[in-house]
Each structure stands twice: as structure tokens, then as C-alpha cells.
Amino acid sequence: MISKAEEIPNRFDFATEAPRLLDAWESHGCFQADPNPQKTPFTIVIPPPNVTGALHLGHALNNTLQDILIRWHRMQGHESLWIPGTDHAGIATQAVVERRLKELENKTRHDLGRESLVQRIWEWKDQYEARILQQLKRMGCSCDWRRTRFTLDPMCARAVRTTFFDLFRKGWIYRGKRLVNWDTFLQTAVSDDEVFHETIKGHFWHLRYPILDSRPGDPDFAVVATTRPETMLGDTAVAVHPEPAKALDLVEADLQAKLAGASAKDRPALELQLQELQQRRENLLPNLIKLADMAKRGVQLRLPLANREIPLICDPWAKPELGSGCVKITPAHDPNDYEVGLRCQLPMLNILHPNGTLNENAGAYAGLTIAKARNKVVADLETQGFLVQVEDREIDLAHSDRSKTPIEPYLADQWFVRMDRLAQMAMDAVERGRVKIVPERYARGYLDWLSEKRDWPVGRQLWWGHQISIWSKPFNSRESCEAAQHAIERWPEFAQGKIACSIEEPHLLHVCVRDEDEPIQGKLEKEEFVRQEDVLDTWFSSALWPHSTLGWPEPTPELKYFYPTSTLITSRDIITLWVARMVLMGLNNVGEVPFREVFIHPKILDGFGETMSKSKGNGVDPIDIIDRFGPDALRFGLAWLTTETQDVRMPVQYECPHCQALIAQSKENRQLARIHCEKCGEAFSTQWAESEEDKALLRGAVVSERFEVARNFCNKLWNASRFVLMNLEGFQAGSVPSSDLRLEDRWILSRLASLTRNVTESLRHYRYAEAARELYEFSWDQFCSYYVEMAKPRLANPEHRATVQRVLAHTLDVTLRLLHPVIPFVTEAIWQHLNQIAPQRSIRESESPEPEPWLIRATWPTAHLQDIDEAIERQFAMFTSVVGAVREVRARQGVAPRELIRFVVQCSDDMAMLLKDMGPFFSSLANAQCLEAGQHAPLPALRAHVALGQADVFVDLSGLVDVDAEISRNEKLLENLTKQIQSKQNKLNNENFVSRAPADVVAKERDSLHELAHQKSAAEEVLAQLRSSKGV
RNA sequence: GGGCGAAUAGCUCAGUUGGUUAGAGCGCUACUCUUACAAAGUAGAUGUCGGGGGUUCGAGUCCCUCUUCGCCCACCA
């Protein structure tokens, strides 16, 4: 530790200081929180980052905002707990590891087997978890690291099994058929978010299915159209709308309504649609009506190629306004058809093997791949005369994000959680204000999504995750199944509440086991029960996060004290997936909401307005920013950007490791593994480097200029503090009697009180940017630019020195406290220095000394509202504008900074008194001297004039004048003033304005007009005088 | 298709309940190494507040509409 202020370097060395401070905080247990009845708890659980990869700036933002709250509440005397951890992220992590396995060893997961693959994923997890935690630490996140959790660790696993068992016993877990997105290449189901759509050129095949028993006058075939002809082998019906005429009427009415309100531009397109509809009415409708009647009669069709009989049915899914008006129904291979199948109780005929070839249900086509089957089916249909027409058509085809192959909808068994009751609880919690979502508008999406109460498919055909704890056994009959159930219900474990049973139609017995209990599992396996292979959706364990991390289902002291947590801070895209599910699981398991408030923060976008993601290659490692700008700059920069409405756009650059040149990241270069510097021509690697050759190159960091503001701010604070420290020699602690306080002291204390109040208020409402801006402006524009500058002459004056020292130390003290949650490192470092030189910095008798040697544990300041003094602030503003006026004239006249400027101020006597006191500051702030001030102060012969509302500043230009510059400036000013006066006069001459606007607004306008007139006459006078001096 | 949000200086963004001539940072220009800080200081230039209507004495701000962009949800025989 440096003891002499003079030895403090003029840059904060965050590279060595930050790790030192982190160690100190940690070794003093500053991040730890434990149940403490003396204190109010404040709790946040981290949104656990996925162990798929390292954190990017979006995470940095999320975690910075959390740490700011945590540190702020800690200073407010709350028992402030931040629980860290990571998420196993089922599909995503397994896919990453599988892809590497394929790339590096050319193996699939089946080559390795379940156990061995899971082992590999654990290794991956260990590596990335360590990296993620390290990133968080370097950002200064003050998590209680002792409590670090992982969604697959034993504590979370226990919570998961207990929850699953509870839901099972309540009858809210069931198994049903569901269409999944099947990746035939990887032979796994993928979630909706892992599917991307790509428009490809395809065809629309119109097929003709013969009607078996049509009566005379009835059509003897139905035409259907499809983009996937091979699926016709799995058709189990053809549907037609039950009331095609009515349906068409509705569509037409809708179109007419649109047309009525349409702009001229949209009209033609709508009119065309209407025409087509009319034609359709003429050409197709009679046929459709007949078909609908036939369907109601129970007519059968013959499915070509398969030679099966399938029914013609009525279902509103068949839209008369589309295609042929009839639609083939393939329940096992199309989501909508599946719904129709359920409604109409159609058979579900699966024609696919998991590997994407056709199965025995496809008859002669069994064994073919989908592509081959398609060709053959089309060819056969054509030769047999069932193909009516082939259209070219662009199709939006679903592809798997993993394998890039087309997705096949595939009917699979799936576990579900019944959502009706759970969703209702979660809706009530938000509607009744037990959980408050900020900004409020996000509550809408939450409620809309929950109100659908769609059952939650929780099974995943994966190996990485919580394996479902259900053992199942098929029986031959209902009777034998029930007998087995009764037998199991006589086991002691049943009475002990450790197992539960359910029967799936027709006679499959499921046994759910609560704990990881080997004897029970052994018993079940002996009875030939087989464990379900599926693992749970990763969101299932995430949904328990706020209570599982606190030890639930054990009634731990932590759970009792810290639950419900205080605030959840997250990003808007997981409000439904995660936030809603945490609410309902918290209510179900603990009987209380998981958090009181949810703050949804903006998203960080790249320079092109796209979200940051690994796959796009536009992610930025916060460590790159920390290395270049420091952790405080990262944090302050992010807080500075966190406004309520705007996402954050962040153009980034590569930093050449050879010459430090910055190369803008473009859509072209953002995925390259290697880049050649535009300046020095040397090559460097990026985060995408995979090959040994690329990895051997130096890595170029990705940085953004947007953190410069923050870095500069930290530097400013550091140096201002250095100044204070260097000038505290002989510091004597003690209160300052108000009689000793001068204008500038009262002013800075007034500003400080406002700042304290405003920052506290901003943080309370999650207005981070506002807090950051207030702190920035106070520290820089008020404290540094004015108070510190004005302290300089006073420090040299023995009469004032002690008072100034105390106010300086006190103001810095409070500022550091207010800044600490945002920029913890630099403030703590300064605090440590300050403690050595001026350990006691209060200027009030009533305040007890701060007992804390560490800023991180110091007390959050209270705003001394009695210090706020508007009159003082007005006076001070007048002073600063006089300074500004003199500086302005100096710049305009090109007077060298060394040269003294003299000036006179015409103003009220009160103000003259004030300005007289400020004499020394004109010298130190503007190298100027106020010759006279007062109502009748004599004016210098040759002068420049600046009007300031309540005063007129006249700068003596004798000897230094650039008369022409002054004349042209005054001419311009005059022109401007004339314009403004004109506009004001117009306004005041407007009878409506004078009579309708509030009196104070009118009065203000009158004052302002008066003022402008005064300025105008002064300018005219100065101009005349300048002209005459030139002899013009 | 439904919902939400955004559009303000060259760039990135503020702008509280409508009320003088719309702000900040970066960048730009000029001048300063003045003993805390050149990552600084002083001064300066830069705007059809996306377009069009409307309400109002008065609109960046409120209403309608259009355009563009982003996000979420749904759907696409």
C-alpha cells in the first residue's frame, strides 16, 4: 500500500489492483451472506449461464446490473446474498460436445454409449464452468462463491426428483403422443428453438383419391395438394370443411372489411384476392358442398398405392379458400393433421424409422429414404393416373440447426406436465402484484403465454440431464396391470411416500421413485421394470433454481431466511420459458413466489442491430473489454447504456495484437478464424480459431469504443481523488460550522444532497443509466470542474484550508460510496488511500465515524435534504455563467491563456457583493480580473459584451482586440435576437395564447421578451461603439 | 398473421406530467503540456426530432396513419 499521496500513480493500475482487491474482499468474507435475524435479507439468484460456452457482453450486462444491486443493498445494511451457478443446458451442451466428437474423432454418441458421452460432457462442463466463474469474478461480481450451484449437482437433483415425484403423485405428470421435430441425421428430437426455416424451391403436387361409393351426380374423386407426397402413405383421412359456403362468406367478409380500410397502394392486391375468391366460389364450391355432404354420409376413399380405405371427413381445418379445398390428413407426420386426428379419432400411422427411412407401414416403399420414396411415390402415382398436376412453389422448410438437414415431424411418446392449475397460480401472482415485472409492459406476454395453459412437454430424448425417475413395465391386460399396481402399493416404500404408481392406457404400469434410492431401483428392475430413457427439459431444473439453490426440499435456515428472493434480473426472451416457470414451481413447491420483482433489461445488439450470439460470431468476451479498459469501465459503460426502452447497439472492432490498430467488425469478417491487419498486414486469430495453425497466432481482442467514456470517467475520478489526497496534508477531522461554509461549499453540499437522493431513487427503480449519468455529471462537471478548481486557491489560504480540506474529503467520501456499486475497484482503492490520510471524514457532529475499513461494507449515504439550497444554486449558476462569458470572449478574441483579461459586470448590488467574493476564482478559472461590479459600474472604453439575463458582462478589450471579429459576432447576435424577439412578439400578440395559456407561462414569455429587448439594445450599443472605435 | 418496442447531430444515445432558441459522449475544428488528469482543459461547428395528417394558444413529447428496423408469439395441405 502506498502511503504518500505523491507516490500514487496518475493512472489507476487496474491490472494489478483489481486482483488484489478481489482477494482482499474475498479473504475478508465480504461476499458471504448468512441468515442474520438482525438484518433484512436481500437476495438475488443468478440466471445461471449455460455451460455451452464462455460469457459474452450480454451476460456481462446482466451480471453487472445484479452486482450493482447486491453491493448497493449490502451498503444499505442488508444481508445481501447473490447465489452464483451455471446451467447444464441439456440439448445445447450435448450438441456442442457431440459436434466436437464428430469433428475431432469422427465418432457419434452411439459409438461412445450413454455413460461415456455423459462423462465427456461433464469434462466439458468443468472446463466452461471454471471459465464462466472466472469471468464473473474478474467483473467484480460479489457472489457468495461458497454457494455456487450447478443445475445437475446433487442438491438440484434432489429438488428435481422431489418436484417430479410430487407432480406425479398429484396426477399432473402424464405420457402422451406428441409430434416432435425429428432430426433424422442425428436421430434425436430437437426443440423448436433449434429449428430454422429456409425457403427452398419445391413443388406442390395435386393428387386424386378415388371415392369408393359415390352416388350418381357426385364427384368420384377428391383432389388434395401436398408438398410432401411421400407422406400420403401415412394418410388416414381426407378432410373437407363442414360448411364450405359459410367459410367462404366469412373469408370474403373479412377481405371486404380490409378493402374498405385499405390505402390506395394495397387496394389492387386485395381486389385481386377478392376476384380469385369469386372464381373459387364458382369453380370449386359446388363440388366442396357435395363432398361435405358425402363426408357426413360417411363415404370412404381409396388411398392409391397403399390400397387402403380411408374416410372422407368434415373438419374446419380444411380451408375452402386454399388449394383444392380438400386436405389429406397425415396425423403422425404433420402437427395440424395431428390435431385433426385427435379431434376425429383417426388412426395415427407412423411410416418412418428413426433414421429417416420408411418403415413397414409404408408397404412396398419400406426401407427407402424419404427422398427416394418421394420420387418413387410420385412416379407411381403418375403411371397409375393419380397425379393431377405439379406446381412449382417456394416452401418454407424446417431444418435442424444442428445437422442442417430437413426436420421430419415424427410422432413420439412424450412426458407432459399438466399446466392448468400451475399456470393459473402463476398468473394470479402477477395479476395480484405478488410479483412485479419492470418495465410493466412485459407482464402482458407473460400472462398471454400462461393463459393458454398448454401442457408442458418435459421429456427430451437426450443423455445429458436429469433422467426421468420413472420405471415402467407393460402388461398383457388391464387386470394383470392393476394387480401389479396393487402389489407394489403394498411395498413399505409406498406407505413411506417414496414411490407412486400410475397406469397408462391400455396396460402399462409406471412407478415414480422419489429419491435416488438404489434398493428400490434394484427391486423394480428385478420385477422387470425398465427406467425411462428420457431426461427432463433443462427448464425443469431451472424452474426450481430460486429454491433448489437454497436447499429445498430441506427446510434449511437459508430457505427460511432468503426465500422469496428479492429481485430477478433477466433478459426478455426467457420471460415465458424461465420466469413464468419459476413462479409456478415456487408456488407449487414452497407455497410462495420465488421473487418480488423482475427487472427485464435491454439486449445488447451488434453494430448491425443483431443480437449477440455464438453462432453469429458477433459475441464479445467481457474479458477483452476488461483487459483493455478495466473492469470498472466495463461495468460503468454497461450501466450507462441500461435505459428502459432502448436495446443497446454496440459496434465492435478487432484490436490487432501487433500494432493495436482497430479493425471494424463486419458481417464478412466476424466469423473468420484469422484476420490480416489492415494497418500492419500481420495476421492474428479470433475466437473462431480451431486449427493449430490459427491458434498459434496472437489473438486479436474484440473491443468497443463505447467503453471509452467510462474509462475516461474512472480516470478522471482517480485523478481528482489524487488531487484531494495530495492536498490533505495536515488534515484535521472535525465538523464544519455553517458559518465557515462559503458559497462554493454550500453549493457542492447542496448538489451532493440532490445527488444522493437521486441516485438512491434511480437505483430503486432500476434506472441504471440515470444513476450513472447523475454520478458522471456530478463528479466531472461539478466536483472536478468547479469545486476542485475553486479549492486550489483556498488550500493555499491558511484561513480556509481546514474547511476546504474537510469539505473535499467529505464530498469525495460520499461520492465514492455512491459510485461503489457501479465501479467497485477504483472506488475501493481510493477509499483505502483516503482511510490512511483522513480516516474520519464526516463534517457533521451528529454523524458517528464510519467503522468500516472497507468501502464494500461502508454505509450507503443518507441524503441531507436540508443542504439543498436553490438560492445558492442560482447564485452559483450566475457565477459560472460569468466565468463562461469571459472564457467565451477570450476564445473569440484569441487571447492567449497566459494573458490576463479584465472585465466589468453590471448587475444588482446583491450580486455585486457575491461576485466580489468570487474574485480569486475568476483568476484561477479564467485568468481574469473583475474590475468592477454593480448597477453603475463604469464601462471600459473598448469592450465586448455578453448578456446573462440578470447581469451584463463587459470585457475590456483595450490592447487585445480583434475588432472585426467582435463586430461580426455582434451583428450575428443582433440578427438572432431580432428573430427571437419577432417570434415572441407574435406569440404575445396572439389573443388565443394570452387568454388560454396559464398565466405563469405568459408571464415567463413577457419576461423573456423584456430580457431579449435589453440584450438587443446592449448589443446595438456595443456594436456602435466598436464601429466608432474603428472610425467607420 | 397477432403483439411489443424503436426511428432525435456523422456515430451511439438522453429528453420526466406538452411550455423559451432540442441535449450528452464519441468524432470534427481552433487554441492550450495551466504543478490531479492530453484517457485532460477552453471554445466552436453540426439537427426538416422517419413521412403525412390531427388535437392544442403551443407538439420531439398526445392521437391517427404510412414507411423502415428489431424482438416475441403463432402459422405456412
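Below, read A as the first sequence line, B as the second, and so on, with proteins coming before strands; counting in each chain starts at 1. Just so you know, these numbers use all the heavy atoms, side chains as well, and skip hydrogens, waters and symmetry mates.
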Worksheet item: Counting only heavy atoms not in A:Glu440, do more than 12 fall under 6.0 Å of its CD?
Response: no
Item to complete: Measure from CD on A:Gln665 to P on B:C11 and round the result to the nearest Å.
Response: 19 Å
Discussion item. Could you check whether any side-chain heavy atom of A:Cys344 comes within less than 4.5 Å of a side-chain heavy atom of A:Asp315, counting everything from C-beta outward?
Written reply: yes
Discussion item. Quick check: A:Phe629 with A:Phe14 (ring centres under 6.0 Å apart)?
Written reply: no
Worksheet item: Is the closest basic N to carboxylate O distance between A:Arg228 and A:Glu408 below 4.0 Å?
Response: yes
Produce the list of close N/O pairs, under 3.5 Å, pairing protein atoms with atoms of nucleotides 69-73 of chain B; give distances to one decimal.
residue: B:C71; atom: O2'; partner: A:Arg572; partner atom: NH1; Å: 3.3

Worksheet item: For residues A:Asp235 and A:Tyr209, is any side-chain donor paired with an opposing acceptor at under 3.5 Å?
Response: yes
Worksheet item: Using the C1' atom in both, what is the distance from B:G52 to B:A59, to the nearest Å?
Response: 15 Å
Worksheet entry | Ring-ring centroid check A:Phe713 A:Phe636, cutoff 6.0 Å | yes
Worksheet item: How do A:Tyr776 and A:Thr226 order along RNA chain B: which one's closest nucleotide is nearer the 5' end?
Response: A:Tyr776
Worksheet item: Within this structure, what is the CG-to-P distance between A:Asp448 and B:G1, rounded to whole angstrom?
Response: 19 Å
Worksheet item: Relative to the ring of A:Phe12, is the ring of A:Trp718 parallel (under 30°), tilted (30 to 60°) or perpendicular (over 60°)?
Response: tilted
Discussion item. Could you tell me how far B:A40 sits from B:C63 if I compare only their C1' atoms? Round to whole Å.
Written reply: 49 Å
Worksheet item: For every nucleotide of nucleotides 35-44 of chain B, 5' to 3': is a protein heavy atom under 4.0 Å from its base (B), only from its sugar-phosphate (S), or from neither (-)?
Response: -BB-BSSSS-
Item to complete: Identify whether any heavy atom of A:Cys326 sits under 4.0 Å from a base atom; if not, whether one sits that close to sugar-phosphate; answer base, sugar-phosphate or nothing.
Response: base
Practice prompt. Select from A:Val709 and A:Glu770 the residue whose nearest nucleotide in RNA chain B is closer to the 5' end of that strand.
Written response: A:Glu770
Worksheet item: Would you call A:Lys328 and A:Asp337 a salt bridge, using N to O less than 4.0 angstrom?
Response: no
Worksheet item: In dot-bracket, 5' to 3', how would RNA chain B read with Watson-Crick or G-U wobble pairs under 3.5 Å, [ ] for crossing ones and | for pairs to another strand?
Response: (((((((..((((.....[...)))).(((((.......))))).....(((((..]....))))))))))))....
Worksheet entry | Atom-pair distance (CD on A:Glu440; C1' on B:C4), nearest Å | 14 Å
Fill in: Rounded distance (nearest 0.5 Å) linking atom CD1 of A:Ile437 with atom CZ of A:Arg572
14.0 Å
Practice prompt. Using only heavy-atom distances, determine whether the side chains of A:His203 and A:Glu391 contain a donor-acceptor pair under 3.5 Å.
Written response: no
Worksheet item: Between A:Glu770 and A:Arg773, does at least one N-O distance fall below 4.0 Å, as a salt bridge requires?
Response: no
